[in-house]
Amino acid sequence: MDPKDLPPPKRAPKTISLKRSMAQSAIKEAKANIEKSLSSIRTKIKDQAPSNNALKAMEERLLQLQIKTINERELLKETKESLQAKEASLLEREAILEAREKFVESRYESMPDKSNDPVSPEERNALESLRLELERREHTLKEIEELLVERESYIEECENELVSRSLAMTEKEAQLEQLEENIQQMRDA
């Protein structure tokens, strides 16, 4: 016998309990209430959505704030480097002062020895080492100054390029938005 020839089995109708029926009804009501609330919220959001002009203004303000933040960070970095350079200069001056103090001390120590030569060999050695140290530090300071000047000019070039690029991007955005508005007007017409 072929199973296709057999009649379909008889099934008892499903019965739903009262509790289950009430629960399903409550769920349907809750879903309807939630959907109604969401619908009202969506319309409020659409009504309160900022216009394209407001969005453009916000984007421009955000871009200005970003540029200002970048500039302030660079200024802070430059100030920090300047302070470090000044600190290095002060440390060098302290070293020079210490060398001078040693020189003066050595001179006073050699005073009781009244010889014909006004400068003793120790003093001469101290003076020569002091002169060499001063020349070395002067050369180092000049190199640091040159590097700072180069860095400042590079930063200025980068800032100018950043500003010109941001202006170009803003102009292109405005052109694209105008093009979108024109296309939208042509579609609406």
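Scope of the values below: all heavy atoms of this structure, side chains included, with no hydrogens, waters or symmetry mates. Keep in mind it's a predicted model, so treat the numbers as computed, not measured.
- Under the 4.5 Å side-chain criterion, counting only non-hydrogen atoms from C-beta, Leu141 is not in contact with Glu138.
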Candidate pair Asn182 and Gln185, rule side-chain contact (heavy atoms from CB on, under 4.5 Å), full reasoning: CA-CA 5 Å; Asn182 291 345; Gln185 288 175 356; 4.1 Å; yes
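- For the side-chain hydrogen bond (donor to acceptor under 3.5 Å, both in side chains) with His139, the lone residue among Arg137, Arg136, Lys142, Glu143 that qualifies is Glu143.
- A donor-acceptor pair is defined here as one N or O able to donate and one able to accept, closer than 3.5 Å; such a pair exists between the side chain of Ser129 and the backbone of Asn125.
- Ionic pairing of Glu181 and Lys56 is present here: one or more N-O contacts between side-chain nitrogen and carboxylate oxygen are shorter than 4.0 angstrom.
- Side-chain heavy atoms closer than 4.5 Å link hydrophobic residues (I, L, V, M, F, W, Y) into clusters, and following such links, even through other members, never connects Val163 to Met169.
- The existence of a salt bridge linking Glu161 and Arg165 is confirmed by a sub-4.0 Å separation between a basic side-chain nitrogen and an acidic carboxylate oxygen.
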Audit row: Glu171, Leu167, side-chain contact (heavy atoms from CB on, under 4.5 Å) steps and yes/no: CA-CA 6 Å; Glu171 188 177 323; Leu167 290 174; over 6 Å; no
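- To the nearest 0.5 angstrom, Glu159 atom CD is 11.5 Å from Tyr154 atom OH.
- Side-chain contact between Arg73 and Lys77: absent, with no pair of heavy atoms (C-beta onward) separated by less than 4.5 Å.
- Minimum interatomic distance between Ile96 and Leu130 (heavy atoms only, all atoms of both residues): O-CD1, 4.3 Å.
- A distance-only check finds a donor-acceptor pair linking the side chain of Thr69 to the backbone of Leu65 [under 3.5 Å].
- Side-chain contact check for Leu83 versus Glu87: every heavy-atom pair is 4.5 Å or farther apart.
- A salt bridge links Arg131 with Glu135: the closest approach of a Lys/Arg side-chain nitrogen to an acidic carboxylate oxygen falls below 4.0 angstrom.
- Glu156 and Asn160 share no side-chain donor-acceptor pair at under 3.5 Å.
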